[in-house]
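Beneath this line is the structure, given in structure tokens, with notes to follow.
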Amino acid sequence: MTGSPDYRDSGLVFPPGFTFGSATAAYQVEGAFDADGRGPSIWDTFSKTPGKVWNGDTGDVACDHFHRWEGDLDLMAELGLDAYRFSIAWPRIQPTGTGAPNQAGIDFYSRLVDGLLERGIRPVATLYHWDLPQALEDAGGWPARATADAFEEYAAIMGAALGDRVHTWTTLNEPWCSAYLGYGQGGHAPGRHEPAAALAAVHHLNLAHGRAVQALRETSTGDPDYSLTLNFHVLRGVGDGAGEAMRRIDALANRAFTHPVLKGEYPADLLADTAAVTDWSFVHEGDLAAIHQPLDVLGVNYYSTATVRLWDGVSPKQMNDGHKGAAGGTAWPGSDQLVEFVEQPGPYTAMGWNIAPEGLEELLVGLSGEFPGQPLMVTENGAAFDDVVAADGSVPDPERLDYLRRHFTAAHRAMERGVDLRGYFVWSLLDNFEWGYGYAKRFGIVRVDFDTLERTVKDSGRWYAALAATGTMP
């Protein structure tokens with residue numbers, strides 16, 4: 001059938017074996033910040049620093065998933081999820097980021113994995129979703145090479161502990177955020193504003209990924225898949241020099257990760273663009289070979305597009321410190337001009353991010369063309385809206401349901417164009433701690449009452465359950 005121009009198709013059939021999942025992250029849902037020997041992370045420190053997070057919110061309790069995991073797994077089974085993407089809190093495993101593992105932390109994730117398998121849900125485990133042990137940050141953080149060394153050791157511990165049962169290992173979630181928002185723009189933990197350190201962090205995150213894949217392969221006794229999740233910038237350009245602005249941000253935000261991981265090289269234009277900031281001497285002989293490991297699947301996170309232009313001012317406009325889809329003012333000088341992120345046309349989610357399902361189709365088709373033969377997985381897509389509980393206790397969320405319908409349509413269209421897309425994880429399973437926005441923004445297909453911690457499946461969750469059950473879009 002001919003697709004509708006607004007991506008509101010219906011009756012679309014997804015192929016057998018297509019994975020319908022949902023995702024969370026440890027610091028956003030677990031709570032129990034000091035239970036069973038867990039050490040502090042950079043997000044514990046950052047969220048407890050006045051002025052860093054909306055309303056002074058922290059992840060100390062979050063959704064209390066640490067204590068309520070069995071009920072949450074029952075909820076996943078009720079929704080008919082094929083797979084659950086969760087992250088492991090490194091400070092639960094190694095409270096200071098190095099040294100002997102904390103068995104109580106390993107046991108928690110072992111119970112979680114077993115509980116998923118008992119319910120017929122595939123465990124997709126992410127080793128790192130931004131919660132670096134604070135002791136490693138104190139020693140230099142991701143700009144320090146030693147952090148990649150520590151991550152390799154951590155990966156080996158987890159491979160030995162869970163590699164007999166985990167379906168898919170994901171090394172890192174959105175290293176762009178860890179590097180640029182954490183060490184450049186400063187809106188994420190640890191909140192540093194050091195451009196050279198941000199670029200060193202890019203490399204050491206890439207290196208940590210490659211070494212972790214090797215360590216996981218050596219220690220996992222099952223037959224897991226190996227993956228990396230990246231958030232991609234789908235770029236639009238305006239004004240004179242639009243193409244140059246897009247090229248620079250594509251180099252910094254996209255190719256700084258895809259090229260070393262999938263091609264074994266850093267782009268020459270990235271090195272030239274950033275020469276005034278760093279000489280890249282932190283890249284050692286053998287690093288690129290270590291980074292360039294075969295991936296069974298590349299995780300793709302997508303929320304919105306980003307519009308850029310060349311700007312002759314003193315500094316780029318600071319945009320959306322928590323934005324997963326825009327570079328947040330982390331553009332570096334390439335000449336006498338800088339790159340500015342400009343406001344995009346609506347409609348918008350409650351995050352202020354534009355709704356552009358066509359961007360997802362464009363991204364998937366583009367990645368498939370650039371990296372032929374590389375299977376893809378949408379590992380995050382979703383939207384925050386200001387949900388209101390109805391008088392009968394239900395949670396109608398028509399805007400989120402419409403958002404998901406349009407983006408699943410975009411994914412289906414990409415598959416019709418030949419993209420090898422293996423599945424789709426909706427962000428997020430639960431309303432949770434949304435980083436710098438605290439509890440002000442709700443992404444869940446399940447509502448969490450943060451006073452009582454009661455869970456309520458939203459209308460979008462019911463819609464998604466129907467899609468997962470039949471493979472046909474309601």
Side-chain angles (χ1 to χ4, degrees), residues 1-23 75-85 116 119-124 167-168 225 227 229 232 234 296-303 355-369 371-383 396-429 443-446 457-474:
M1 68 181 225
T2 301
S4 63
D6 61 4
Y7 286 77
R8 290 185 175 94
D9 295 356
S10 60
L12 299 178
V13 178
F14 288 82
F18 188 86
T19 296
F20 294 98
S22 192
L75 198 55
M76 296 174 209
E78 178 187 330
L79 292 172
L81 298 184
D82 297 318
Y84 172 52
R85 177 175 175 250
L116 288 165
R119 292 163 176 81
I121 302 169
R122 295 192 291 276
V124 177
H167 180 275
T168 302
D225 287 345
S227 179
T229 280
F232 290 90
V234 178
D296 295 293
V297 65
L298 175 65
V300 177
N301 288 4
Y302 174 81
Y303 292 90
I355 300 171
E358 70 280 2
L360 177 57
E361 180 183 1
E362 175 186 327
L363 172 59
L364 294 172
V365 170
L367 287 170
S368 180
F371 305 105
Q374 177 61 64
L376 305 176
M377 181 84 73
V378 174
T379 39
E380 286 184 29
N381 173 255
D397 57 341
E399 292 174 305
R400 182 176 295 103
L401 197 160
D402 183 65
Y403 180 99
L404 292 174
R405 175 188 298 281
R406 297 179 72 195
H407 285 79
F408 269 96
T409 297
H412 193 277
R413 291 186 188 182
M415 294 169 71
E416 289 184 322
R417 294 173 64 181
V419 174
D420 183 5
L421 183 66
R422 301 292 177 89
Y424 204 117
F425 289 76
V426 170
W427 185 270
S428 172
L429 176 70
F443 274 89
I445 56 173
V446 176
V457 178
K458 303 177 187 179
D459 284 2
S460 61
R462 303 288 181 200
W463 176 89
Y464 190 44
L467 171 56
T470 64
T472 300
M473 198 145 76

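Applying the salt bridge (charged side-chain N to carboxylate O under 4.0 Å, His left out) definition to pairs two or more places apart or across chains, those involving residues 75-84 are E78-R462.
A ring-centre distance under 6.0 Å is found for Y424 and F408.
With hydrogens and angles disregarded, no donor-acceptor distance shorter than 3.5 Å links the side chain of S368 to the backbone of L364. A donor-acceptor pair is defined here as one N or O able to donate and one able to accept, closer than 3.5 Å; no such pair exists between the side chain of T472 and the backbone of G11. Side-chain N or O atoms of Y403 include one that pairs as donor or acceptor with a backbone N or O of G382 at under 3.5 Å. Of the possible donor and acceptor atoms, none in the side chain of Y303 sits under 3.5 Å from a partner among the backbone N and O of I355. In terms of modelled atom types and a separation under 3.5 Å, the side chain of K458 and the main chain of G444 share a donor-acceptor contact. Side chain of N381 to main chain of V426: no donor-acceptor pair is present (N/O by atom type, distance under 3.5 Å, no hydrogens or angles).
Residues L376 and L367 meet the side-chain proximity criterion, which asks for heavy atoms closer than 4.5 Å. Under the 4.5 Å side-chain criterion, counting only non-hydrogen atoms from C-beta, R122 is not in contact with L116. Side-chain contact between V378 and Y302: absent, with no pair of heavy atoms (C-beta onward) separated by less than 4.5 Å.
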Inset, instruction - Mind running side chain to side chain contact (heavy atoms under 4.5 Å, CB included) on L79 and V446 for me, showing each step along the way? - result: CA-CA 10 Å; L79 292 172; V446 176; 4.2 Å; yes
Inset, instruction - Check step by step if salt bridge (Lys or Arg N to Asp or Glu O under 4.0 Å) holds for D9 and R413. - result: CA-CA 10 Å; D9 295 356; R413 291 186 188 182; 3.1 Å; yes
Inset, instruction - I would like to know whether M473 and H412 meet side chain to side chain contact (heavy atoms under 4.5 Å, CB included); could you show each step before the answer? - result: CA-CA 10 Å; M473 198 145 76; H412 193 277; over 6 Å; no
Inset, instruction - Test side chain to side chain contact (heavy atoms under 4.5 Å, CB included) on L401 and Y464 and set out the steps. - result: CA-CA 8 Å; L401 197 160; Y464 190 44; over 6 Å; no
Inset, instruction - Check the pair V300, F232 against side chain to side chain contact (heavy atoms under 4.5 Å, CB included), reporting the backbone distance first and the verdict last. - result: CA-CA 7 Å; V300 177; F232 290 90; 4.0 Å; yes
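Considering OH of Y84 and CG of L75, their distance stands at 10.5 Å, rounded to 0.5 Å. Note: N301 CG to M377 CE = 12.0 Å, rounded to the nearest 0.5 Å. Taking CZ of R405 as the reference point, atom OH of Y7 lies at 15.5 Å (rounded to 0.5 Å). Note: I445 CD1 to L429 CG = 5.5 Å, rounded to the nearest 0.5 Å. In this structure, F425 CZ and T229 OG1 are separated by 9.0 Å, a value rounded to the nearest 0.5 Å.
With respect to the salt-bridge test (charged N to carboxylate O, under 4.0 angstrom), the residues D459 and R400 do not qualify. The residues R406 and D6 are annotated as not salt-bridged, no charged nitrogen and carboxylate oxygen being separated by less than 4.0 angstrom. For the pair R422 and D420, the salt-bridge criterion is met [side-chain N within less than 4.0 Å of a carboxylate O].
The minimum heavy-atom distance between I121 and M76, with the atom names listed, is CD1-CB, 3.7 Å. The two residues A23 and S428 come nearest to each other via the heavy atoms O-OG, 3.1 Å. When all heavy atoms are compared, the tightest approach of V124 to A83 is CG2-CB, 4.2 Å. Between P474 and A466, the shortest heavy-atom distance links the atoms CG-CB, 3.8 Å. Taking all atoms of both residues into account, the shortest heavy-atom contact from L360 to A410 is CB-CB, 4.2 Å.
Remark: the S22 side chain and the R85 side chain contain no N/O donor-acceptor pair separated by less than 3.5 Å. Between the side chains of T168 and S227, no donor N or O sits under 3.5 Å from an acceptor N or O. Side chains of S460 and D397: a donor-acceptor N/O pair is present below 3.5 angstrom, by distance only.
Between F14 and F18, the ring-plane angle classifies as tilted under the 30° and 60° cut-offs.
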